[in-house]
2 protein chains.
Amino acid sequence: MVKAQIDHKDITSSLEDYLETIFELVRDRKVARVRDIAEARQVKASSVTPAMRRLSRMGLIKYERREFIELTAEGEKLARRVYSRHQILERFFQNFLGLNSSEARENACAMEHSLTNEAMERFVRLFEFLRGCPAGKELLQTFLHCSEVQGATRECAFDRALKQQSKRKREHSTISLFDLKPGKKGRVIQINAKGSMRRRMLDLGILPDTIIEIERIAPSGDPVWIKLGGFQLSLRKREAESVLLTTV
Amino acid sequence: MVKAQIDHKDITSSLEDYLETIFELVRDRKVARVRDIAEARQVKASSVTPAMRRLSRMGLIKYERREFIELTAEGEKLARRVYSRHQILERFFQNFLGLNSSEARENACAMEHSLTNEAMERFVRLFEFLRGCPAGKELLQTFLHCSEVQGATRECAFDRALKQQSKRKREHSTISLFDLKPGKKGRVIQINAKGSMRRRMLDLGILPDTIIEIERIAPSGDPVWIKLGGFQLSLRKREAESVLLTTV
DNA sequence: AAGTATTTTTAGACATGACTAACAAATCGG
DNA sequence: CCGATTTGTTAGTCATGTCTAAAAATACTT
Ligand SMILES: [Mn+2]
Ligand SMILES: [Mn+2]
Ligand SMILES: [Mn+2]
Ligand SMILES: [Mn+2]
């Protein structure tokens with residue numbers, strides 16, 4: 001017997017989103033129509049029709065021209081899989097990383113399609129840990145507190161703890177990138193900047209754990225030439241001062 | 001003056017990957033050729049040429065037929081931005097969630113294109129917390145330990161802690177889904193299953209924090225009908241027994 | 001320098017996934 | 001029941017992003 005269906009193993013993100021949308025519509029309104037799908041996905045109805053044909057040929061939906069659309073057993077399985085990934089990612093972004101709900105959803109809905117089985121598994125373990133383990137709950141609280149305070153003063157509980165600790169253990173002390181000697185390397189611990197300056201530095205690749213080497217500092221102290229991941233880069237004095245690192 | 005360039009604000013994932021590849025090639029081999037780009041991205045050389053034309057029209061690379069390819073200032077900025085996201089995501093998946101390096105890279109390289117500024121910011125804060133805060137370091141250790149042990153016996157430090165705790169505080173005790181009374185609801189804490197059975201349940205939407213209601217249990221105890229997020233679902237007895245939840 | 005090998009481009013094809021405009025069918029209100 | 005409105009489909013267009021096959025340009029070898 002010839003297999004007329006197209007393999008749905010390599011389904012596209014777009015089609016997965018259609019499946020997810022149909023899944024939610026059926027759940028909330030009992031039935032999925034072209035119009036509602038178009039509205040939910042923010043596309044024109046004339047884009048939905050060919051997508052439905054493709055899904056139908058893959059055996060993922062039951063679709064007859066001008067009739068209500070339903071998921072097949074196979075389609076529902078796939079829709080649930082995507083939806084499940086969406087859920088855990090959205091919760092991760094919202095409850096763990098602290099994004100607002102619309103941005104959490106935006107990130108989740110983009111990533112749900114590519115998350116591997118094993119990555120999914122690890123997100124689940126993270127939540128099992130956070131929910132089941134007293135230490136996990138505490139971790140989340142501490143992190144959320146630090147994370148929130150950061151936007152404001154950047155002086156939070158763990159900063160103070162670090163300072164106190166550094167008085168005892170000298171080798172663990174942090175130093176600003178600007179104070180690092182030329183030729184020496186450091187590992188970034190914290191980027192003590194705000195707003196667009198912070199974002200610019202992150203986009204340049206100045207991240208926690210990054211190894212940075214001072215190349216040279218202009219006589220006036222500005223700019224500061226650094227080496228980072230095989231490339232040279234120049235920073236303003238203010239920017240260099242805001243990077244806290246440990247020497248390595 | 002007419003602007004001949006195309007806006008690169010809405011650049012595609014594919015073109016971002018080309019930029020990132022060029023960035024890495026220039027870093028590692030001083031120069032980027034069509035052949036190397038094709039090899040690195042696992043596409044045919046004849047797919048690279050039109051991509052280079054598009055990037056060139058957007059003003060992101062310097063490209064003349066049959067010559068070496070370079071990033072413009074604008075292109076390098078964008079490439080670094082993507083690369084920076086790739087780095088932090090890869091580290092997150094590898095060092096925090098514990099994926100092996102190739103799977104960490106796979107997930108990171110898919111997600112780097114859609115990560116919003118604010119989501120990026122939160123990943124950075126997470127690492128600042130983990131690296132800078134003694135509590136962060138300690139708790140990461142605890143999580144990694146629990147996470148690893150899980151695959152094997154599912155009886156790790158935090159399980160034991162929970163059990164001891166539950167003797168004192170009765171309301172916090174966990175119960176298996178199978179032991180929940182019909183009509184009652186519970187919040188999932190842990191899915192105590194392994195391998196494909198576990199994956200199947202995750203794909204069905206049985207995740208930590210999910211609210212599940214028992215609909216009814218067949219007289220023989222199998223299957224168990226449950227309600228989850230507005231849908232009915234049936235589980236095998238073994239599956240229901242493996243779900244640990246708190247009553248709500 | 002000629003011949004060979006490698007690299008790059010072109011030409012042509014195809015699937016996806018969106019759009020607009022026009023048409024067709026179904027539904028609703030009176 | 002009929003005209004108006006809503007809903008859905010078709011036709012035609014376009015950009016993206018891949019491919020194969022063939023041609024053209026460049027580089028290497030003897
Ligand atoms: Mn999506
Ligand atoms: Mn989604
Ligand atoms: Mn990528
Ligand atoms: Mn990447």
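Values in this document were obtained by computation on a predicted structure and should not be read as measured data. FYI, side chains are in, hydrogens and waters are out, and symmetry mates aren't considered; it's all heavy atoms of this structure. Lettering follows sequence order; numbering is per chain, from 1.
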Problem - Gap between atoms CD and P, on E64(B) and dT9(C) respectively (whole Å) - result: 11 Å
Handout entry: Distance, rounded to the nearest Å, where D17(A) contributes CG and dT16(C) contributes C1'
Key = 14 Å
Problem - side-chain N/O Y63(A) vs dG8(D) OP1/OP2, d < 4.0 Å - result: no
Handout entry: Touch class at under 4.0 angstrom, heavy-atom based, for Y18(A) against every strand present
Key = sugar-phosphate
Completion exercise
Atom CD of E16(B) and atom P of dT16(D) are separated, to the nearest Å, by 14 Å
Exercise for the section: On DNA chain C, check which nucleotide each of E67(B) and S13(A) is closest to and give me the residue with the more 5' one. Expected result: E67(B)
Problem - Presence of R53(B) side-chain N/O under 4.0 Å of dT10(C) phosphate oxygens OP1/OP2 - result: yes
Practice task
Give a yes-or-no answer on whether the side chains of R27(A) and Y83(A) include a donor-acceptor pair shorter than 3.5 Å.
Solution key: yes
Problem - Under-4.0 Å salt bridge between R200(B) and E239(B) - result: yes
Problem - Spacing between I69(B) atom CD1 and dT7(C) atom P, to the nearest angstrom - result: 14 Å
Handout entry: Short side-chain to backbone donor-acceptor contact, S234(B) and W225(B), under 3.5 Å
Key = no
Exercise for the section: Return no unless some side-chain N or O of T12(A) is found under 4.0 Å from OP1 or OP2 of dG17(C). Expected result: yes
Handout entry: Which residue lies more 5' along DNA chain C, comparing R66(A) with V43(A) via nearest heavy atoms
Key = V43(A)
Problem - N/O donor-acceptor pair under 3.5 Å between T72(A) side chain and G59(A) backbone - result: yes
Practice task
For dT9(C), take OP1 and OP2 only and decide whether either is under 4.0 Å from a side-chain N or O of R65(B).
Solution key: no
Fill in the blank from the handout: Among the nucleotides dT18(D), dT16(C), dT9(D), whichever has the atom closest to the side chain of V34(A) is dT9(D)
Practice task
Tell me whether the OP1 or OP2 atom of dC19(C) has a side-chain N or O from S47(A) closer than 4.0 Å.
Solution key: yes
Problem - P208(B) backbone acceptor or donor facing R91(A) side chain under 3.5 Å - result: yes
Completion exercise
Separation of dT6(C) atom P from R35(B) atom CZ, nearest Å, is 9 Å
Completion exercise
note: I37(A), atom CD1; dG17(C), atom P; distance rounded to Å ~ 15 Å
Practice task
Rounded off to whole Å, could you give me the CD-to-C1' distance for the Q42(A) and dC19(C) pair?
Solution key: 15 Å
Exercise for the section: Return yes if the base of dT20(D) and the side-chain atoms of S46(B) contain a donor-acceptor N/O pair under 3.5 Å, otherwise no. Expected result: yes
Problem - Gap between atoms CG and P, on D36(B) and dT7(C) respectively (whole Å) - result: 8 Å
